[in-house]
Amino acid sequence: MADLATFALYLVPLGLIVAAYLWRRRRWSALHARELQAAVEAGLTEPTSLHPVVDPNRCIGSSSCVKACPEGAIGVINGKAQLVNAAVCIGHGACAAACPLEAIKLVFGTERRGIDIPNVKPNFETNVPGIFIAGELGGMGLIRKAAEQGRQAIASIRQADRSGTDLDVVIVGAGPAGIAAGLGAIQRRMKYVVLEQEDSLGGTVYHYPRNKIAMTAPMQLPIVGKVKFGEIQKEALLDFWSRVVRRTKLRIRFNEPMEAIERSGRGFRVRTTRGAYDAGAVLLAIGRRGTPRKLGVPGEEQPKVVYRLIDAEQYRGKRVLVVGGGDSALEAALAISEQPGAKAALSYRGDSFGRVKPKNRERLDAAAAKHRIELLLGSSIVEIGAADVTLRRGDRTWTLPNDVVIVCAGGVLPTDLLKKVGIEFETQHGTV
Ligand SMILES: Cc1cc2nc3c(=O)[nH]c(=O)nc-3n(C[C@H](O)[C@H](O)[C@H](O)COP(=O)(O)OP(=O)(O)OC[C@H]3O[C@@H](n4cnc5c(N)ncnc54)[C@H](O)[C@@H]3O)c2cc1C
Ligand code: SF4
């Protein structure tokens, strides 16, 4: 009898612990299944770049990957880990590092969507001698890795003695890789120029959602030394870089996209929208967001046409047409519709918004129902006038009074431009 009591004393609490564990596991599994379902319904199942694939034969559903992922991208369903929210995965690899059974590998592309990765040597030189690639364009994302690669690529360029008559190096892009490379060029007393297509510093970081916490490991920046961030708010990181640029007098030519690279003498001629630069080497630090896709319609060259929403408040009292069918287009239209006196319209070629977050779609439907946004589905832009825009739907064309056009049609990687100068790419389809 005493034995039975002792047995129960241990067995009952143990049973309760196991029951609580199984209940929690089932609850999380259901939650992750719902997240996956929502992503499937929104058409957001393709990761943008590097992402995990899980070997189901090795995975024991330990959930270490779920705890390690700072973006909430991975979940465990029915005891097996899987990418449940592919759109937010940024390829940290924290999930893979946390897995006790090494069941997770990081890959590029998927079966359905191949990703072009350039062939880059360990010294960051491409197959074209003199053209180097650092940062996310080469396949490896993350702030620290991009900055490290920018620093090391400049060292390689210096070592290879690719000095040019005019410039030693043209650095394209002012994200983490380009900034670190520029600092390296100053430190090594190289003749350089940094070209940036936008008017802002920081590359992709500048476009993170407001107040996003970026996770980054310590990194070594030329001139600045070791920087230990850990977790840092986007705005604070951008502020840090602005101070570094000011203090080191790093010269960046903003609003100057690179448009072509040609061979010239012993080096290259880099053509931009404003001129051309001759250099012994080119360092491409352009990331993978690409250059904003244009509509290619008459009138698009006017200053009233922009390719991203910076500050919705500047559109108070204005008639704004947003063009696009993704989350950034919906978010821009919604932000403008909240401005006093603004008239927001949203034009999209498709008949419905397939690949957007359900929350954005709900907010859009509500705004359209209250006539705060004019929804122009199935429409395309024919021409942009000074005070209006001509649209077409089927055989019908009509004119909409307009002050500003915001085109949110995604970005185009300059792959063709780079292939033209001889850079080789490999299309990867998510195989380990
Ligand atoms: C939402 C989100 C969250 C993230 N969170 C984190 C995080 O927490 N921690 C982390 O480590 N990483 C994070 N990342 C990834 C990280 O931001 C990127 O890996 C990193 O910024 C890559 O740096 P880069 O310098 O290679 O490219 P980018 O930062 O993309 O910079 C490239 C620059 O080149 C410019 N450019 C492009 N084409 C041209 C051209 N033709 N001419 C001139 N300039 C050009 C672009 O305008 C841009 O400024 C996140 C990414 C996203 C999308
Ligand atoms: S790669 Fe990073 S963001 Fe993607 S699932 Fe793993 S930890 Fe999360």
Side-chain angles (χ1 to χ4, degrees), residues 47-54 64-75 81-99 104-107 133-150 153 170-182 193-209 212-217 219 229-234 237 241 252-261 270-273 282-292 307-308 411-414 417-418:
T48 44
S49 182
L50 196 63
H51 62 276
V53 287
V54 181
S64 329
C65 52
V66 182
K67 289 179 201 129
C69 175
E71 310 297 327
I74 200 161
Q82 56 177 303
L83 200 55
V84 293
N85 199 350
V88 302
C89 174
I90 53 162
H92 291 122
C95 50
C99 179
I104 299 181
K105 296 275 179 286
L106 295 173
V107 298
I133 286 178
E136 198 158 352
L137 176 67
M140 272 299 152
L142 301 185
I143 299 163
R144 182 186 69 85
K145 282 188 186 156
E148 277 291 322
Q149 291 189 0
V170 173
I171 298 163
V172 191
I179 296 173
V193 65
V194 181
L195 304 173
E196 170 52 53
Q197 65 181 3
E198 296 184 350
D199 54 6
S200 52
L201 182 72
T204 296
V205 177
Y206 182 87
H207 295 273
Y208 290 175
K212 179 188 167 14
I213 302 292
M215 313 258 300
T216 181
M219 61 187 124
F229 281 134
E231 289 184 11
I232 179 166
Q233 206 165 26
K234 159 206 169 169
L237 185 55
W241 275 327
I252 302 173
R253 292 178 185 261
F254 289 104
N255 290 316
E256 190 164 349
M258 172 233 8
E259 288 197 323
I261 305 174
V270 178
R271 294 195 185 277
T272 72
T273 44
V282 179
L283 174 58
L284 296 166
I286 59 177
R288 299 195 74 87
R289 286 180 53 250
T291 302
Y307 295 88
R308 66 178 157 137
V412 195
L413 260 189
L417 181 161
L418 303 181

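For ligands, and for the atoms within them, numbers begin at 1 and follow the listed sequence.
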Visitor: Is there a polar contact between ligand 1 and R288, counting only N or O atoms under 3.5 Å apart?
Guide: no
Visitor: Where does Y208 meet ligand 1, judged by heavy-atom distances below 4.0 Å: at the side chain, the backbone, both, or neither?
Guide: side chain
Visitor: Given L284, L417, T204, identify the one with the heavy atom nearest to atom 53 (C) of ligand 1.
Guide: T204
Visitor: Any non-hydrogen atom of P414 lying under 4.0 Å from ligand 1?
Guide: no
Visitor: So for Q149, does at least one of its heavy atoms come nearer than 4.0 angstrom to any atom of ligand 1?
Guide: no
Visitor: Using a heavy-atom cut-off of under 4.0 Å, does the side chain or the backbone of P70 touch ligand 1, or both, or neither?
Guide: neither
Visitor: Which of the listed options, G175, G150, P176, G135, holds the heavy atom that is closest to atom 23 (O) of ligand 1?
Guide: P176
Visitor: Return all protein N, O or S atoms below 2.8 Å from atom 8 (Fe) of ligand 2, chain by chain in residue order.
Guide: C69 SG
Visitor: May I ask you to identify, for K212, whether its side chain, its backbone, both or neither come under 4.0 Å of ligand 1 on a heavy-atom basis?
Guide: side chain
Visitor: Nearest protein heavy-atom contact for atom 1 (S) of ligand 2: which residue, which atom, what distance?
Guide: G93 N, 3.3 Å
Visitor: In terms of residue, atom name and distance, what is the protein heavy atom nearest to atom 44 (N) of ligand 1?
Guide: Q197 N, 3.1 Å
Visitor: Checking a contact table here: which protein heavy atom is nearest atom 47 (O) of ligand 1, and how many Å away?
Guide: E196 OE2, 2.6 Å
